[in-house]
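Just follow the structure's listing: the first ligand is 1, and inside any ligand the first atom is 1.
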Amino acid sequence: MDIKNNIAEITNTLNGSNARLVAVSKTKPNELILEAYNAGQRIFGENKIQEMTDKSEALPKDIEWHMIGHVQSNKVKYMAPFVSLIHSIDSWKLLKEVNKQAAKNERIIDCLLQMHIADEETKFGLSKEELHEILESDELPALENIRITGLMGMATFTDNRGQIRKEFKSLKAIFDKVKGKYGGNNISWNELSMGMSGDYDIAIEEGSTLIRVGSSIFGSRNYDN
Ligand SMILES: *Cc1c(COP(=O)(O)O)cnc(C)c1O
């Protein structure tokens, strides 16, 4: 894998768009992450809190670490000191826990609300109803140590690019709707996290601001989790 070249190619497709690259380094060793770092990449995404914490301790301090995987509330405390964006908030309970741990660290942690847009039952994420419930909660303005900065979604795992595009369009439509409807001290609608190795080109066309790309940079993973 020519990591440097892969990053250059992807960054090229981002030119002229609003989107930034999150290099998804889950399961990959520090040497490969450093290769990407030395090619100029500064945002890395991980899906396991323990793994992200270990890597953050070993690697340069100007890396922005993004949590992109499902988060268990009891583990939030380990990443609260350093995580720069959590893409995968999928419950009110989790949002409250992030707020609590951010307060302990005297930080404000940026969060994306993860929407369920795929056909598959297995993917995590909020329904539209659950999204509106969170955004309409009387208790939301009191969460002073989080900031909701956007939405995240994963398309169905399929070769049907028309379906993927449809799902990204639906997420963008939800984004535009909540952006017009909800505001507040801890809400600022800047980010739409969608697009992975197989579909980031579509995601960019449909308005993504953060693409999460792993295998197209680092090669395929031996195991997935
Ligand atoms: C692993 C992962 C990615 C990256 O997937 P690739 O197909 O390797 O680009 C993106 N988003 C999430 C949530 C992931 O878990």
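On a distance-only criterion, Ser216 and ligand 1 share no N/O pair closer than 3.5 Å.
Close approach of ligand 1 to Arg212 is summarised as follows: ligand atoms under 4.0 Å from at least one heavy atom of the residue are 4 (C), 9 (O), 10 (C), 11 (N), 12 (C), 13 (C). Short contacts between ligand 1 and Met154, defined as distances under 4.0 Å to a heavy atom of the residue, involve ligand atoms 13 (C). Close approach of ligand 1 to Val213 (heavy-atom distance below 4.0 Å) involves ligand atoms 9 (O). Residue contact check: Gly214 has heavy atoms under 4.0 Å from atoms 4 (C), 6 (P), 8 (O), 9 (O) of ligand 1.
No side-chain donor from either of His70 and Ser88 sits under 3.5 Å from a side-chain acceptor of the other.
Heavy atoms only, all atoms of each residue included: Trp189 and Gly150 are closest at CE3-CA, 3.7 Å.
Only the side chain of Arg221 comes within 4.0 Å of ligand 1, judged by heavy-atom distances.
Among residues two or more places apart in sequence or in another chain, the side-chain hydrogen bond (donor to acceptor under 3.5 Å, both in side chains) test is passed with Gln114 by none. Taking Ser216 as the reference, Ser197 meet the side-chain hydrogen bond (donor to acceptor under 3.5 Å, both in side chains) condition, with sequence neighbours excluded.
Annotation: side chain of Glu57 is in contact with side chain of Thr53 (closest heavy-atom distance under 4.5 Å).
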